[in-house]
Peer 1: 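Got a structure for you, written out below as structure tokens; questions coming shortly.
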Amino acid sequence: MTVFICNDISIDNMKSHQHFSLKKNNSFAVAATTPVIYYPKNEKELQSLSEITEHEFYILGEGSNTLFVEDKAPVMIKPEFLGIRVEESNHFYDVHVASGENWHSLVCFCIEQGINGLENLALIPGSVGAAPVQNIGAYGVEIADFIESVTWFCFQTNKSVLLSKAQCEFDYRASIFKKSLKNKGIITYVTLRFPKNWQAELSYKGLSCLPKNSKAIDIMDTVIGIRNSKLPDPKLIPNAGSFFKNPLVSPDKFSLMKAAYPKIPYYPQEDGSIKLAAGWLIEVSGLKGYQMNGASVHDQQALVLTNSNAASGASIKKLAEYVQRIVCDRFEISLQPEVRMIAEHGEITLGDLS
Ligand SMILES: Cc1cc2nc3c(=O)[nH]c(=O)nc-3n(C[C@H](O)[C@H](O)[C@H](O)COP(=O)(O)OP(=O)(O)OC[C@H]3O[C@@H](n4cnc5c(N)ncnc54)[C@H](O)[C@@H]3O)c2cc1C
């Protein structure tokens, strides 16, 4: 029997590593070391972590939305819950999937089984467990469109609870898991519901040229083609996709912007606010291709910051702060990061530790 010891707490049988380099566990490929990483694979193993979770820790999926900003990182919990189960009823497919599964593999699995709906969300990196956290979205579709429930293990009660879609409080790149439930528990399973009378979502730029009767697999292939041509592959140029969220502005602010920049791209929202393209704001600020200490604003996609030359996490954060400042000086809009920034003692935001 293997027993791992950490801070006088022994965790029987659970896979873990001490003094572990996270360089291969984050898509920015920055070097950071955690004192210990645990890989719980079932509820019993999560229960044994209750004392660990009274101290600083971070839940790590595949690290594709995470920037380690210091050489040291907190204790990591990386869930390795695995498995996919499909239930079919007259009108729906319900897919129950464990949080440690890879998101894109789930999309491919569903399409292969004739379960349509996730095709627009193909090739988004990361784990299934992280997907509801920021309500991943692309090409006019969000995971929230399909969530039936989320099973969430609470560290305080040491029990699992089933949260309905409404209880998850999904919003644009947001959910309850980023707010009041942040660091209080772990998503262990997600249940997605797909109506059998599937309708393709082709309204988004890039997909609108496809025929209305396109098959889901053709939409998925188109999405993969567009993503491969537009976004830098993190394996070649380390990055975490969009670094900033697209900002929402009031109609008054938008009128001023539109008068000054008639060609500004914009997306009216149901609540009356207007979503602007953060990448456009960065590009018009003259920052496309800008480089600083090994970190760069990508020269094709200004919304993507990259680790172009062995940058530290701190350097990438400094570049993000610079971008935020320049855009704010020019447009009086404060870009907010989508990427989670993790220091030795927990999560921080831009401006902290500077
Ligand atoms: C090239 C590229 C393209 C991208 N494109 C998109 C896109 O189109 N749309 C989009 O929305 N995102 C996109 N992203 C961002 C990223 O893919 C998503 O945010 C993804 O869901 C992150 O998954 P992860 O497992 O890597 O999360 P991590 O970075 O490991 O974690 C992200 C957050 O989720 C939390 N978390 C992880 N697992 C769990 C769990 N089981 N329970 C509770 N909390 C958990 C973490 O604590 C952290 O706060 C892109 C990233 C890259 C690198």
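The first residue of the sequence shown is numbered 1, and numbering continues consecutively from there. In each ligand, atom 1 is the first atom listed, and ligand 1 is the first ligand listed. Values in this document were obtained by computation on a predicted structure and should not be read as measured data.
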Peer 1: Does ligand 1 have any atom sitting under 4.0 Å from a heavy atom of Arg227?
Peer 2: yes
Peer 1: Got the closest protein heavy atom to atom 39 (C) of ligand 1, with its distance?
Peer 2: Ile59 CG2, 3.5 Å
Peer 1: Considering only Ile, Leu, Val, Met, Phe, Trp and Tyr, and joining two whenever side-chain heavy atoms are under 4.5 Å apart, list the other residues clustered with Val223.
Peer 2: Tyr139, Trp198, Leu202, Tyr204, Leu207, Leu210, Ile219, Ile226
Peer 1: Quick check: Trp152 with Tyr189 (ring centres under 6.0 Å apart)?
Peer 2: no
Peer 1: What about Ser27: any of its N or O atoms under 3.5 Å from an N or O on ligand 1?
Peer 2: no
Peer 1: Is the shortest N/O to N/O distance between Gly126 and ligand 1 below 3.5 Å?
Peer 2: no
Peer 1: Heavy atoms only: which of Ala138, Ser99, Gly129, Pro125 lies closest to atom 2 (C) of ligand 1?
Peer 2: Pro125
Peer 1: Hey, can you tell me if Phe155 and Phe57 have their rings parallel, tilted or perpendicular (30° and 60° cut-offs)?
Peer 2: perpendicular
Peer 1: Heavy atoms only: which of Gly241, Gly100, Ala98 is nearest to atom 53 (C) of ligand 1?
Peer 2: Gly241
Peer 1: Please find out if less than 6.0 Å separates the ring center of Phe194 from that of Phe92.
Peer 2: no
Peer 1: Does ligand 1 have any atom sitting under 4.0 Å from a heavy atom of Tyr58?
Peer 2: yes
Peer 1: Starting from Leu162 and following side-chain heavy-atom contacts under 4.5 Å between hydrophobic residues (I, L, V, M, F, W, Y), which residues can be reached?
Peer 2: none
Peer 1: Select one of side chain, backbone, both or neither to describe which atoms of Gln134 lie under 4.0 Å from any atom of ligand 1, heavy atoms only.
Peer 2: side chain
Peer 1: Got Leu123 and Trp103 here, is their nearest side-chain heavy-atom distance under 4.5 Å?
Peer 2: no
Peer 1: Looking only at distance, does Ser64 have an N or O less than 3.5 Å from an N or O of ligand 1?
Peer 2: yes
Peer 1: Can the ring centroids of Phe68 and Phe28 be said to lie less than 6.0 angstrom from one another?
Peer 2: no
Peer 1: Before giving the answer on side-chain hydrogen bond (donor to acceptor under 3.5 Å, both in side chains), spell out for Ser296 and Ser308 the whole-Å C-alpha distance, their side-chain angles and the decisive distance to 0.1 Å.
Peer 2: CA-CA 6 Å; Ser296 305; Ser308 47; 2.5 Å; yes
Peer 1: List the closest protein heavy-atom neighbour of atom 31 (O) of ligand 1: residue, atom name, distance to the nearest 0.1 Å.
Peer 2: Thr66 OG1, 3.7 Å
Peer 1: Judging by distance only, is a nitrogen or oxygen of Pro234 under 3.5 angstrom from one on ligand 1?
Peer 2: no
Peer 1: Under 3.5 Å between any N/O of Ile187 and any N/O of ligand 1: does that happen in this structure?
Peer 2: yes
Peer 1: Looking only at protein heavy atoms, which one is nearest to atom 9 (N) of ligand 1, and how far off is it?
Peer 2: Gly137 O, 2.8 Å
Peer 1: Nearest to atom 30 (O) of ligand 1, what protein heavy atom do you find, and at what distance?
Peer 2: Gly61 N, 2.7 Å
Peer 1: May I ask you to identify, for Ser127, whether its side chain, its backbone, both or neither come under 4.0 Å of ligand 1 on a heavy-atom basis?
Peer 2: both
Peer 1: Check for me whether Arg173 has a heavy atom closer than 4.0 Å to any atom of ligand 1.
Peer 2: yes
Peer 1: Using a 4.0 Å heavy-atom cut-off, which part of Asn239 comes near ligand 1: side chain, backbone, both, or neither?
Peer 2: both
